[in-house]
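First comes the structure, then the notes that go with it.
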Amino acid sequence: MTTQTPGTTPDQVSDFYDVYNSLLRKYWDDNFHFGYWLDDTDDSSVAVATDRFTDIMIGKLPVGPGARVLDVGCGIGKPAVRLAQKTGASVVGISINQQQVDEGNARAAAEGLAGRVSFRPANALELPFEDGSFDAVLAFESICHMPRLPALREMSRVLKPGGRIALTDLIKLDDSDGSAADAGFETQALPRYSDYPALTAAARVEIDELTDVSAHTNRTYAAMAEGITRGTDEIVEQFGPGVVNVLQAVAAPLGPSASVGCLIMAGHKAG
Ligand SMILES: C[S@@+](CC[C@H](N)C(=O)[O-])C[C@H]1O[C@@H](n2cnc3c(N)ncnc32)[C@H](O)[C@@H]1O
């Protein structure tokens, strides 16, 4: 147990996930992203709500068989495998965390997709791919760990001109002062929705859609808190007393006045 928050460097993020991969899998889902609930009456499970969010993001990527998609910050590969299954596209997923890459490749093999879906360790800030080598890029709740402009520039670089990019990001909500967000579990400073046009323009990405989906994802906090509460004894037993700090780090941004929202950006690389 060496890490309590994701930190700001790729190595720190990887160390963080060495701890959190198993916790997330057990007390959240194999989708390492927010859930998307339709409305206040929607009682979908975390598994359903997170897969629903994946499907929404897949819908932002007009790809089919023969297309090559890069999944930047792929987690343990659940979204990439679903993307490949639903569209017929080939997907390359990259993560800074080796455990995730191994899990992703095991998942692709188990689904009979090893020929079309693969995962490899790489730093999103130095993508090991040629310019213009992908038809589309997905960055599903991963840019929140990275300095955004360099990361977006790398994604834009490896995209073909006109290629599509779809991402989700965590944002400070306009009605908060942002302090809870900055003290939260994503330690890169969070942007606001209104920061996105300038950010994407600087990376030569033209926005086709920018949507604040916080009202749909907000239930994530309560659902996560529920998972942590359900697992606290077991988590402490498994990881020892030091885990208290980790739990606090996870729990910090949770709560009724959640000041961290979520946006979807879909755009294309300027020609
Ligand atoms: C919140 S998880 C999202 C995972 C996945 N997209 C999903 O939706 O299940 C963030 C992901 O970003 C990856 N990540 C963070 N910083 C990275 C970097 N510099 N290079 C590559 N991957 C990175 C993490 O390893 C992790 O896979």
Side-chain angles (χ1 to χ4, degrees), residues 3 5-25 27-36 46-47 49-58 60-61 69-84 91-105 107-108 117 119-129 136-155 157-158 165-171 184-188 190 213 217 220-221 224 227 249-250 253 260 262-265:
T3 187
T5 64
T8 51
T9 69
D11 282 349
Q12 288 171 330
V13 172
S14 181
D15 286 351
F16 173 82
Y17 279 105
D18 277 343
V19 173
Y20 272 77
N21 286 330
S22 60
L23 293 179
L24 281 166
R25 293 193 76 173
Y27 301 107
W28 182 246
D29 191 81
D30 283 7
N31 285 314
F32 288 2
H33 56 248
F34 280 20
Y36 188 105
V46 168
T50 54
D51 272 347
R52 181 185 290 131
F53 206 178
T54 302
D55 291 345
I56 288 169
M57 295 310 291
I58 292 171
K60 310 293 180 196
L61 295 171
V69 183
L70 176 65
D71 182 0
V72 174
C74 57
I76 58 172
K78 193 175 178 187
V81 164
R82 196 169 172 93
L83 169 63
V91 186
V92 178
I94 65 112
S95 172
I96 199 69
N97 181 264
Q98 182 68 48
Q99 275 181 14
Q100 294 181 355
V101 168
D102 295 341
E103 289 291 344
N105 283 321
R107 179 181 296 270
V117 181
F119 300 91
R120 56 189 277 189
N123 181 357
L125 302 171
E126 297 168 354
L127 289 171
F129 304 109
V137 169
L138 173 68
F140 205 161
E141 210 173 302
S142 55
I143 200 168
C144 43
H145 288 295
M146 305 168 194
R148 285 173 175 76
L149 182 53
L152 261 180
R153 283 192 167 136
E154 269 299 87
M155 294 179 210
R157 180 184 66 75
V158 301
I165 176 167
L167 63 78
T168 69
D169 199 358
L170 306 187
I171 47 171
F185 62 105
E186 307 294 349
T187 52
Q188 296 286 349
L190 295 179
V213 291
T217 58
T220 296
Y221 300 109
M224 274 191 179
V250 173
V260 182
C262 181
L263 64 70
I264 293 173
M265 192 285 293

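Small disclaimer: the values here were computed from a predicted structure and weren't measured. Whatever order the structure lists ligands and atoms in, that order sets their numbers, starting from 1. What's counted below: heavy atoms across the whole structure, side chains too, no hydrogens, waters or symmetry copies.
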Could you list which atoms of ligand 1 come closer than 4.0 Å to a heavy atom of [X]?
{"X": "Met146", "result": "16 (N), 17 (C), 18 (C), 23 (C)"}
{"X": "Gly75", "result": "4 (C), 5 (C), 27 (O)"}
{"X": "Glu141", "result": "1 (C), 2 (S), 3 (C), 10 (C)"}
{"X": "Val13", "result": "15 (C), 16 (N)"}
{"X": "His33", "result": "7 (C), 8 (O), 9 (O)"}

Within a strict 4.5 Å, meaning less than it, do heavy atoms of the [X] and [Y] side chains meet?
{"X": "Tyr17", "Y": "Ile96", "value": "no"}
{"X": "Met57", "Y": "Leu61", "value": "no"}
{"X": "Gln99", "Y": "Asp102", "value": "no"}
{"X": "Ile58", "Y": "Phe140", "value": "no"}

Checking the N or O distance criterion of under 3.5 Å, is ligand 1 in contact with [X]?
{"X": "Phe32", "result": "yes"}
{"X": "Leu125", "result": "no"}
{"X": "Asn123", "result": "yes"}

### Message
If you take the centroid of each ring, where Trp contributes its six-membered ring, are Tyr221 and Phe34 closer together than 6.0 Å?
### Response
yes
### Message
Among Asp30, Asp51, Asp71, which residue satisfies the salt bridge (charged side-chain N to carboxylate O under 4.0 Å, His left out) criterion with Arg82?
### Response
Asp51
Part of [X] within contact of ligand 1 (heavy atoms, under 4.0 Å):
{"X": "Ile96", "value": "both"}
{"X": "Ala122", "value": "backbone"}
{"X": "Pro79", "value": "side chain"}

### Task
State, without any angle test, whether Thr54 and His33 hold a side-chain donor-acceptor pair at a distance under 3.5 Å.
yes
### Query
Hey, what do you get for CG (Asn31) to CZ (Phe53), rounding to the nearest 0.5 Å?
10.5 Å
### Query
Checking Arg157 side chain against Leu127 main chain: does a donor-acceptor pair fall under 3.5 Å?
yes
### Task
Decide whether the shortest distance between a heavy atom of Gln100 and an atom of ligand 1 is less than 4.0 Å.
yes
### Query
Out of curiosity, is Cys144 lining ligand 1, as in a heavy atom under 4.0 Å away?
no
